[in-house]
Structures are given as structure tokens and as C-alpha cells.
Amino acid sequence: CVGGRLVALKGRDGASEAAGAADALEALGGELGEVREYDLPGLAGRRTIVAVDKVRATPSGYSRRPGIPGKRPL
């Protein structure tokens, strides 16, 4: 839904993971929003929150049949 926002809880490499997904986000109508790193009390290591904003409609052709993403990743 255009105007929506996905907020994902990631591990310590969340920022680099989000940066690596830039092409896929662009292709699917998303835009990387806020990325915040923090320490979660009681757990070892840092965590990352990654927000993705939906800025354009998803192009036709998505979602794809099972098995196709593995053969032709974004």
C-alpha cells in the first residue's frame, strides 16, 4: 500500500543488510527510511531497526511464482 511503512527488527548487521537491499527496494516501490542501532537490555550485542517506506506501487509481475525468486533474484 503506497504510503505504508515496514519496520523490521534486525541484528547487528541490519544497516548493511538494508543498504544491500537498495536495488530490490527500488524495484518494488520502496525507499529506505530510518535506520537506528541500539542495545537491547538483557541481550548480547547490538540490534537495528530498519524502516522502509512504500513510495510507489509495486510493478505488475510481482509477487512471483514459487521458485522464481531463487532463480532470478532482484
Apply side chain to side chain contact (heavy atoms under 4.5 Å, CB included) to [X] and list each qualifying residue two or more places apart in sequence or on a separate chain.
X: A27; result: none
X: R36; result: E34
X: R65; result: I68

Salt bridge (charged side-chain N to carboxylate O under 4.0 Å, His left out) against R5, all qualifying residues, sequence neighbours excluded: D53
Solution key, residues 9-24 side-chain donor-acceptor pairs under 3.5 Å, sequence neighbours excluded:
{"unit_1": "K10", "atom_1": "NZ", "unit_2": "E17", "atom_2": "OE2", "d": "2.6"}
{"unit_1": "S16", "atom_1": "OG", "unit_2": "D13", "atom_2": "O", "d": "3.0"}

Using a side-chain heavy atom cutoff under 4.5 Å and only I, L, V, M, F, W and Y, what cluster partners does L25 have? L6, L32, V35, V50, V52
Whether the side chain of R56 engages the backbone of E26 through a donor-acceptor N/O pair (distance < 3.5 Å, no angle test) should be reported. yes
